[in-house]
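Single-structure report; data block below.
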Amino acid sequence: MNQIPEKLLKPYDPKETEQRIYKTWEASGFFNPETCIKKGYTKADAKPYTIILPPPNVTGILHMGHALMIAIEDLMIRYYRMNGRRTLWLPGTDHAAIATQSKVEKDIAKKEGKNRHDLGREELLKRIEKFAQESHDTIVEQVKRTGASVDWTREAFTLDEKRSLAVRTAFKNMFDDGLIYQGKRIVNWDPKGQTTISDDEIVYKEEKTKFYYFKYGPFVIGTSRPETKFGDKYVVMHPDDKRYAEYKDGQKIDLEWINGPITATVIKDTAIDMEFGTGVMTITPWHSVVDFEIAERHNLDKEQIIDKYGKLLPITGEFSGMKITDARAKIVEKLRSKGLVEKEEDYTHNTATAERTGGMIEPQIMNQWFVAVNKKFTIKNSNIEGIASGSETTLKEIMSKTVSSKQIQIIPEYFDKTYFHWIENLRDWCISRQIWYGHRIPVWYKGKEIYCGIEAPKEEGWTQDEDTLDTWFSSGLWTFSTLGWPEKTQDMEIYHPTDVLETGYEILFFWVARMILMTGYHIGTIPFHTVYLHGTVRDAKGQKMSKSLGNGIDPIDVADKYGADAGRMALIMSGSAGTDSKLSEDKIKGYKHFANKIWNIARFVLTSTTDMPEENASTKITILPADQALIDALNAQVVDVTKDIEEYRFYMAAEKIYHYIWSEFADVIIEQSKPILAGADIAAKNSRQKTLLTILTTSLKVLHPFMPFVTEELWSLIIPNSDKMLIVENWPII
RNA sequence: GGACGAUUAGCUCAGUUGGUUAGAGCAUACGAUUCACAUUCGUAAGGCCACUGGUUCGAAUCCAGUAUCGUCCACCA
């Protein structure tokens, strides 16, 4: 070791280094576990270690949250790869049905002034696919910039051919088992987006409005929505309400209403809050979830008042065809002229709006497809603890048992409670969407006949259901659809169940719970052993990063300016599982300095060891006790860091390494070494030289999962003739 | 309304499951230095660990309550 590489004499330049190093990794094939086996770096019978990358949506570009996710997953993957595990990290992207379609529709409306009906299904889909493809390509480039050691040969897309087959197969199996059914149910209809949306996609916004009290026969009813009241022929009160004890359940009362006399029926139901308003209400089952449930319980008639476009139907008489907002005042006026308005008050309440389109939700009863979460079915082969093969179970039970038995461990643990709370309140999952982009429901109709199959029926005359599936239906299959299911593949055999699912806590219910449901049902096992939930990355002030606020930090800008390594370190160091973190450029800058620090340490060590004698069988350098003590201290650190990584305390592991390298190695050990290296005692000098090299190489190995680029680059400079890259080096074993 | 968190130095956060004198980074002050370091080093100051009570030989840590902030869920006619 005589030559000091010229590059090393200048400050570390991450921009030049990182992209070059990534290409070297790609060319090596080491992201692919089978290549590692072929080259002898992983044993053929090694225990697998699998992470499936939560697929970013093809709606745009990656943000800091993705960068955090990748930093943590790559850290685990590189750590386990260095530990000799058969390590697979499988990448992919998500078509994100509603989000993507509405993004493209918005663009088209803005640029061309057209809506989707102007374009037609085929043309719109073409446009969306083009957008999705471009978005996908950008995302892939971004993922590469972060240093992610994902196996690109296995890349998947939630809407590609193999995943589509998985979706149709999954649908058919559940359909045949009676777990998917079509039903008239009240759904959240978004008149603006012309689609249903799930409960989870609703955003409640505060609205100031009027609260009216109307005379309804002998009662006074309260409402903020007079326009729905036309069909109200049931008046409901709590059975224990003494004020209305004289009225009996089922009693008929003739009264004067908006468009003339009607006969109302008294219903007693405990869903009524005696404290609210007058304690009496009329119900509109077609347009209210609570009312619908009351109507179901008492087997009452349901009538539609408002159409899909938010306009009043002929049942409203003279108001027919009017928009809700226009009609409301006129209806109140009419009631007032009839002397039926008791009083009105100012009222603030939460209205439901669609997250994607901002449209006001108008509940409607519609034909939709559902997954029955409480329906019993026989599970064929079960590896789920507490649910035996061949026993009767429900999807809800699968979701709950896998976690309560700790077969699936959630980190941080306290999210268990939130998870169970959610499961308890879970209703049947509405999986149909009235949009065009996504997996079309594999059901065909011919007259009154209905056919569900993986492929379209061969005979003529069948038409396919117009709806598509909720995007979470396909992502629910993600851990096994990516591994080739429904084919019986070797990948499934080897890599499933996966080890860790690492994702943001905000999609615990959307996604994690649905993966548990789908995997339990289709595979009879768990999708992963551990769920690691990371927090939200916020700006320095603690605000969410968003486009509208313009406070986002672009991971690519970070990579350009400070290096991806620095960005990764800043993200990993920003906090523990489940807690939000604040990120500022200053923080990232600090870790750029750190990368340069290691660079300089390496320069010092290399220039100080050029005259170290080469070792061979006859001439061995003896390590003196003082130096052995330094190595022992480092080893103790490595043990500590290893434990922290295995127990998911990544921030702590990172901090320990950082602290060791800067405050111990650089500030103490190197400073102490200077007189020894310049001294006359050759034995002491050689011992120290060898020790410095040992400490440097060990430090690089331990730091590699955190800062892969700078460590790999230094590795190649330190050991120039080795063909073994740091990525496949062995984790220091003590 | 229900659930779950958080509250520690000026700021951002640790504190590994109860154990010496509560730590780090940034920022601040003072000093050193051109030495592997454009990006260096040392020293210092800075804390009623939100508050009240309890358990314990011992509490930032466990329990109960209060306050403030945050997140999620539900949503009322």
Side-chain angles (χ1 to χ4, degrees), chain A residues 4 8-12 199-200 202 204 211-214 221-226 228-229 232 235-237 271-273 275-284 287-291 294 347 349-352 412-427 505-509 535-536 538 540-542 544 562 566 569-570 573-576 578-584 586-587 589-608 640 643-644 647-649 651-656 658-659 662-663 666-668 670-671 673-674 677 692:
Chain A
I4 306 300
L8 199 53
L9 298 175
K10 293 184 221 144
Y12 175 57
D199 288 348
D200 304 316
I202 291 177
Y204 288 91
F211 192 78
Y212 302 96
Y213 290 90
F214 297 140
I221 58 159
T223 184
S224 60
R225 301 211 49 196
T228 64
K229 298 285 121 188
D232 291 9
V235 57
V236 192
M237 60 214 72
I272 301 299
D273 179 357
E275 307 294 316
F276 189 88
T278 55
V280 185
M281 70 173 195
T282 59
I283 58 167
T284 316
H287 300 293
S288 156
V289 177
V290 175
D291 295 5
I294 293 170
Y347 182 57
H349 72 147
N350 288 330
T351 50
E413 205 170 343
Y414 60 75
F415 270 102
D416 281 16
K417 291 177 197 160
T418 327
Y419 178 85
F420 291 127
H421 189 250
W422 181 81
I423 302 269
E424 277 162 31
N425 296 314
L426 186 65
R427 288 186 279 199
Y505 60 76
E506 70 275 6
I507 53 173
L508 181 62
F509 313 123
T536 307
R538 296 165 180 280
K541 289 179 200 150
K544 263 195 174 177
Y562 306 106
M569 201 66 174
M573 288 272 253
S574 62
S576 54
T579 48
D580 292 355
S581 58
K582 295 179 191 172
L583 189 71
S584 62
D586 276 352
K587 216 182 241 176
K589 203 198 268 173
Y591 297 107
K592 188 189 178 192
H593 296 180
F594 180 55
N596 195 56
K597 188 76 184 177
I598 311 154
W599 190 259
N600 276 298
I601 290 172
R603 182 195 303 171
F604 177 83
V605 172
L606 281 197
T607 49
S608 309
D640 236 19
K643 196 166 172 251
D644 286 335
E647 290 169 10
Y648 304 95
R649 291 187 299 268
Y651 58 96
M652 198 171 278
E655 193 180 291
K656 280 175 185 163
Y658 175 89
H659 205 253
W662 200 311
S663 310
D667 293 349
V668 178
I670 286 184
E671 289 306 321
S673 302
K674 286 175 183 173
L677 294 166
L692 287 176

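Per chain, numbering begins at 1; letters A, B, ... match sequence-line order.
Residues K229(A) and T223(A) are in side-chain contact: their nearest non-hydrogen atoms beyond the backbone lie under 4.5 Å apart. Using a 4.5 Å cut-off on side-chain heavy atoms (C-beta onward), H593(A) and W662(A) make contact. Side chains of Y658(A) and M573(A) form a contact here, defined as non-hydrogen atoms less than 4.5 Å apart. No side-chain heavy atom of T282(A) sits under 4.5 Å from any side-chain heavy atom of V236(A). A 4.5 Å side-chain heavy-atom check between V235(A) and M237(A) finds at least one atom pair inside the cut-off.
No engagement by Y12(A) is indicated, since no non-hydrogen atom pair under 4.0 Å with the nucleic acid exists. G535(A) comes within 4.0 angstrom of nothing in the nucleic acid, heavy atoms only. Using a 4.0 Å heavy-atom distance criterion, G590(A) is classed as making no nucleic acid contact. Residue A666(A) is in base contact, counting any heavy-atom pair closer than 4.0 Å across all strands shown. Among the heavy atoms of the strands lying under 4.0 Å from S224(A) are primed sugar atoms or P, OP1, OP2 only; no base atom is included. Within 4.0 Å of I283(A), counting heavy atoms only, lies no atom of the nucleic acid at all. Nucleic acid contact for K587(A): sugar-phosphate only, since backbone atoms but no base atoms lie under 4.0 Å from a heavy atom of the residue. Note on D586(A): nothing from the nucleic acid sits closer than 4.0 angstrom, heavy atoms only.
For P11(A), the side-chain atoms get nearest to U39(B) when compared with the rest of U16(B), A36(B), U39(B). Distance from the side chain of E671(A) is smallest to C37(B) among A24(B), A77(B), C37(B). Of the listed nucleotides (U12(B), A77(B), A38(B)), U12(B) has the atom at the smallest distance from the side chain of K582(A). Nearest nucleotide to the side chain of K656(A), out of C37(B), G42(B), U16(B): U16(B). Side-chain proximity of D667(A) to G15(B), C4(B), C41(B): nearest is C41(B).
Under 4.0 angstrom from either OP1 or OP2 of C37(B) there lies no side-chain N or O belonging to K10(A). Put simply, Y414(A) has no side-chain N or O that comes within less than 4.0 Å of OP1 or OP2 on A6(B). Under 4.0 angstrom from either OP1 or OP2 of G70(B) there lies no side-chain N or O belonging to T579(A). Listed pair N600(A) / U40(B) fails the phosphate criterion, with no side-chain N or O lying under 4.0 Å from OP1 or OP2. Considering only side-chain N and O atoms, W662(A) lies nowhere under 4.0 angstrom from the phosphate OP1 or OP2 of A24(B).
We find the CD1-CG distance between I601(A) and N596(A) to be 10.0 Å, quoted to the nearest 0.5 Å. Summarising the geometry, atom CE belonging to M281(A) is positioned 4.0 Å from atom CD1 belonging to I294(A); distances are rounded to the nearest 0.5 Å.
If you take atom C1' in U8(B) and the same atom in A24(B), they sit 13 Å apart, rounded to whole Å. Remark: the separation of the C1' atoms in U39(B) and U21(B) is 34 Å, to the nearest Å. Annotation: U34(B) and U28(B) have their C1' atoms spaced 25 Å apart (nearest Å). Look at the C1' atom in both A64(B) and U56(B): the space between them is 16 Å, to the nearest Å. Distance check on atom C1': C49(B) versus G23(B) gives 12 Å, rounded to whole Å. Comparing the C1' positions of C72(B) and A29(B) gives a spacing of 45 Å, expressed to the nearest Å. One P atom belongs to U16(B), the other to A60(B), and the distance between them is 13 Å to the nearest Å. C63(B) and C4(B): their P atoms are spaced 13 Å apart (whole Å).
Computed from coordinates, the I272(A) CD1 to A77(B) P distance equals 12 Å when rounded to whole Å. Atom NZ of K592(A) and atom C1' of C26(B) are 18 Å apart (whole Å). When rounded to the nearest whole Å, the span between CD of E424(A) and C1' of C4(B) equals 14 Å. Rounded to a whole Å, the CZ atom of R538(A) is 16 Å from the P atom of C69(B). Distance H659(A) NE2 to G15(B) C1': 14 Å, rounded to the nearest Å. Atom pair F594(A):CZ and G25(B):P shows a separation of 12 Å (rounding to whole Å applied). When the P atom of G25(B) is taken as reference, atom CE of M652(A) falls 15 Å away, rounded to whole Å. Separating the CZ atom of R649(A) from the C1' atom of C13(B) is a distance of 17 Å, rounded to the nearest angstrom.
RNA chain B is contacted by both T607(A) and D291(A); T607(A) maps to the nucleotide lying nearer its 5′ end (nearest heavy atom per residue). Summary of the strand contacts: V668(A) and T278(A) both lie near RNA chain B, and taking for each the nucleotide with the nearest heavy atom, the more 5' one is attributed to V668(A).
Here A44(B) sits opposite U28(B) as a Watson-Crick or G-U wobble pair (both hydrogen-bonding atom distances under 3.5 Å). Remark: A22(B) base-pairs with no nucleotide; criterion is Watson-Crick or G-U wobble with both hydrogen-bond distances under 3.5 Å. With a 3.5 Å ceiling on both atom-pair distances, U55(B) lacks any Watson-Crick or G-U wobble partner. Nucleotide A67(B) forms a Watson-Crick or G-U wobble pair with U7(B), both donor-acceptor distances falling under 3.5 Å. With a cut-off of 3.5 Å on both pairing distances, A74(B) has no Watson-Crick or G-U wobble partner at all. Of the nucleotides present, none pairs with U39(B) by Watson-Crick or G-U wobble criteria with both distances under 3.5 Å.
Contact of K597(A) with C37(B) (side chain to base): a donor-acceptor pair of N or O atoms is detected under 3.5 Å.
Ring centroids of Y562(A) and Y591(A) are separated by 6.0 Å or more, keeping the two rings apart.
Screening F415(A), F509(A), Y505(A) for a ring pair (Phe, Tyr, Trp, His ring centres under 6.0 Å) involving W422(A) leaves a single residue, F509(A).
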